[in-house]
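Worksheet: one structure, shown below.
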Number of protein chains: 2
Amino acid sequence: MTNPEPSSDAVATPKGGSAHADEDIARIVEAIVYLYTESRRVTKELARAFGLTGPQVTVLKMLEGIGGLSLSDLSARMSARNSTVTGIADRMERDGLVERKRDEDDRRIVRIRLTDEGRALASEIPVESMEVFGAALRALDHEERRSLRRILRRLSDQVAELVETKETELRQRQAEQGDGA
Amino acid sequence: MTNPEPSSDAVATPKGGSAHADEDIARIVEAIVYLYTESRRVTKELARAFGLTGPQVTVLKMLEGIGGLSLSDLSARMSARNSTVTGIADRMERDGLVERKRDEDDRRIVRIRLTDEGRALASEIPVESMEVFGAALRALDHEERRSLRRILRRLSDQVAELVETKETELRQRQAEQGDGA
DNA sequence: ACGGGATATTTCGCATGCGAAACTTCTCCC
DNA sequence: GGGAGAAGTTTCGCATGCGAAATATCCCGT
């Protein structure tokens with residue numbers, strides 16, 4: 001995999017980025033993709049023993065921990081979009097695991113909570129989402145975990161900021177469009 | 001994640017299962033999911049400006065860097081399954097970006113490489129996959145990146161080992177089935 | 001040479017996952 | 001209080017993403 005010269009016309013070395021740093025970055029990105037993908041796959045496979053999919057386990061465990069959640073809150077906690085979670089909730093409702101209920105105060109909101117059957121199943125399931133990854137993390141010593149958590153926290157903040165900026169720009173461009181035209 | 005067990009306090013469990021560690025682990029998993037998901041989303045959006053999807057950019061950039069790859073090699077490098085990449089290659093072939101060619105020596109293998117059009121498009125595209133995440137990583141200092149890379153490397157090895165073990169068990173169980181039954 | 005197992009790819013059905021548009025309900029401002 | 005716009009959810013069409021089964025090819029022992 002040691003590629004000395006990756007296509008020079010790409011974003012090879014932007015600013016102060018030494019080839020050194022780029023190499024580190026490439027490996028880190030690779031590792032993140034690998035860890036996420038592989039963990040997801042294993043979770044999915046474990047879930048299958050209970051007749052569930054990966055995301056369904058995530059929802060079950062999330063609703064077990066907290067009482068009920070609006071569809072939007074659930075989406076946000078899962079890092080997924082509403083339109084995605086609607087489908088997951090549909091299938092879980094079909095299977096009798098969760099139920100939808102309109103909020104009385106604000107009838108736009110849909111509250112989702114476990115049925116008795118869903119709660120029973122949730123208590124049987126030993127795995128959390130991303131179980132393998134969690135197991136690997138337990139093998140790290142205290143200091144490394146601390147360090148990792150701190151660095152990832154900074155990265156998350158950074159990414160959130162970049163996304164925020166991008167969305168703001170987008171919104172402004174849309175406002176200009178709707179205004180000037 | 002909110003352990004149902006009543007306050008077992010921060011009693012240091014021998015196996016490293018203190019509430020302290022669990023909290024760290026939960027946050028780390030959260031962060032990984034967030035970073036992966038959000039980066040993927042941004043890449044997809046950037047790709048759209050070129051009439052491409054996220055994975056298509058990944059394939060384009062991968063084939064640009066290396067000459068041609070078998071479908072299996074491509075899958076492995078993308079952390080995806082063959083059946084997934086078959087579909088991606090289908091659509092890229094339909095759009096004239098890549099072409100398939102049977103290997104002459106081993107006719108089971110399908111070599112995939114860029115067409116002229118694909119190569120031209122690849123050279124126009126400034127983004128790598130997971131671009132935002134890469135940008136965030138550049139904001140870290142050298143030491144942190146080094147540390148992160150080292151820890152993720154260990155985690156990847158750990159996960160790979162767990163997966164390997166699991167697959168071996170599965171294979172043995174299958175062998176017993178086919179044999180002893 | 002030939003037959004069974006191994007390897008590479010594709011096909012099929014299903015579950016995400018997403019953005020854009022449609023709907024419903026709420027809110028705020030005149 | 002009424003209408004414009006915001007907020008929450010769903011619908012729709014499309015692209016992953018996967019496992020299991022089907023196909024095609026190779027390889028190895030006899």
Side-chain angles (χ1 to χ4, degrees), chain A residues 33 36-38 40-49 51-59 69-76 78-95 100-112 129 167 170-171 174-175 178-179, chain B residues 33 36-38 40-49 51-59 69-76 78-95 100-112 129 167 170-171 174-175 178-179:
Chain A
V33 172
Y36 176 87
T37 306
E38 208 60 42
R40 171 145 64 98
R41 206 129 57 200
V42 172
T43 298
K44 181 184 175 182
E45 195 180 325
L46 293 175
R48 216 160 50 115
L52 298 171
T53 64
Q56 286 174 3
V57 168
T58 304
V59 170
L69 282 173
S70 75
L71 190 128
S72 291
D73 287 347
L74 194 53
S75 302
M78 293 176 70
S79 280
R81 299 302 193 194
N82 285 355
S83 55
T84 299
V85 179
T86 291
I88 296 171
D90 282 348
R91 287 178 287 276
M92 292 182 77
E93 195 173 28
R94 177 198 66 195
D95 296 344
R100 282 177 165 94
K101 194 162 156 295
R102 284 277 168 194
D103 186 295
E104 286 304 327
D105 296 333
D106 185 342
R107 297 193 50 75
R108 289 172 300 181
I109 296 173
V110 170
R111 300 252 163 236
I112 299 178
S129 339
E167 278 176 0
L170 188 63
R171 220 168 299 135
Q174 282 175 342
D179 206 30
Chain B
V33 171
Y36 176 87
T37 306
E38 209 59 42
R40 170 145 63 98
R41 207 130 53 200
V42 172
T43 299
K44 181 185 176 181
E45 196 180 324
L46 293 176
R48 215 160 52 115
L52 298 171
T53 64
Q56 285 174 1
V57 168
T58 305
V59 170
L69 282 172
S70 75
L71 190 130
S72 290
D73 287 346
L74 194 53
S75 303
M78 294 176 68
S79 280
R81 299 303 193 193
N82 285 355
S83 55
T84 299
V85 179
T86 291
I88 296 171
D90 282 348
R91 287 178 286 275
M92 292 181 76
E93 195 173 27
R94 178 199 65 194
D95 297 343
R100 282 176 163 94
K101 193 161 158 295
R102 284 278 169 193
D103 187 295
E104 286 303 327
D105 296 333
D106 185 342
R107 298 195 49 76
R108 289 171 301 181
I109 296 174
V110 170
R111 299 253 163 235
I112 298 178
S129 340
E167 279 176 359
L170 188 65
R171 220 170 298 134
Q174 283 175 342
D179 205 34

If you look at every heavy atom in B/T58 and B/S129, which pair is closest and at what distance?
-> OG1-OG, 3.1 Å
Is there a donor-acceptor pair under 3.5 Å between the side chain of B/R102 and the backbone N or O of B/R107?
-> yes
Given atom CZ of B/R111 and atom P of C/dT10, what is their separation to the nearest angstrom?
-> 13 Å
Heavy atoms under 4.0 Å, any strand shown: does A/S72 hit a base, just sugar-phosphate, or nothing?
-> sugar-phosphate
Would you check, one step at a time, whether the test salt bridge (charged side-chain N to carboxylate O under 4.0 Å, His left out) holds for B/D90 with B/R100?
-> CA-CA 9 Å; B/D90 282 348; B/R100 282 176 163 94; 2.9 Å; yes
Does A/R48 pair with A/E45 as a salt bridge, N-O distance under 4.0 Å?
-> no
For B/R100, answer base if it contacts any base atom (sugar-phosphate contacts may also be present), sugar-phosphate if it contacts only those atoms, and nothing otherwise; contact means non-hydrogen atoms under 4.0 Å.
-> sugar-phosphate
Length of the CG-P vector between B/L74 and C/dT10, whole Å | 11 Å
Gap between atoms NZ and P, on B/K101 and C/dT9 respectively (whole Å) | 14 Å
Please round to the nearest 0.5 Å and tell me the distance separating atom CZ of A/R40 and atom OG of B/S79.
-> 10.5 Å
Distance in angstrom units between B/N82 CG and D/dA22 P, rounded = 18 Å
Minimum side-chain heavy-atom gap A/S75-A/T84 below 4.5 Å = no
Taking for A/S70 and for A/R48 the nucleotide of DNA chain D with the nearest heavy atom, the one nearer the 5' end belongs to A/S70
Does the pair B/T53 and B/K44 meet the rule for a side-chain contact (heavy atoms from CB on, under 4.5 Å), with working shown?
-> CA-CA 5 Å; B/T53 64; B/K44 181 185 176 181; 5.6 Å; no
Collect all protein-nucleotide pairs involving nucleotides 15-18 of chain D in which both atoms are nitrogen or oxygen and the distance is under 3.5 Å.
{"residue": "D/dT16", "atom": "OP1", "partner": "B/T53", "partner atom": "OG1", "Å": "2.9"}
{"residue": "D/dT16", "atom": "OP2", "partner": "B/Q56", "partner atom": "NE2", "Å": "3.3"}
{"residue": "D/dT16", "atom": "OP2", "partner": "B/R91", "partner atom": "NE", "Å": "3.0"}
{"residue": "D/dT16", "atom": "O5'", "partner": "B/R91", "partner atom": "NH2", "Å": "2.9"}
{"residue": "D/dC18", "atom": "OP1", "partner": "A/R41", "partner atom": "NH1", "Å": "2.2"}
{"residue": "D/dC18", "atom": "OP2", "partner": "B/R81", "partner atom": "N", "Å": "3.0"}
{"residue": "D/dC18", "atom": "OP2", "partner": "B/T84", "partner atom": "OG1", "Å": "3.2"}
{"residue": "D/dC18", "atom": "O4'", "partner": "A/K44", "partner atom": "NZ", "Å": "3.4"}

Pull out every protein N or O sitting under 3.5 Å from an N or O of nucleotides 21-26 of chain C, one pair per line with the distance.
{"residue": "C/dC26", "atom": "OP1", "partner": "A/R107", "partner atom": "N", "Å": "2.9"}
{"residue": "C/dC26", "atom": "O4'", "partner": "A/R108", "partner atom": "NE", "Å": "3.4"}

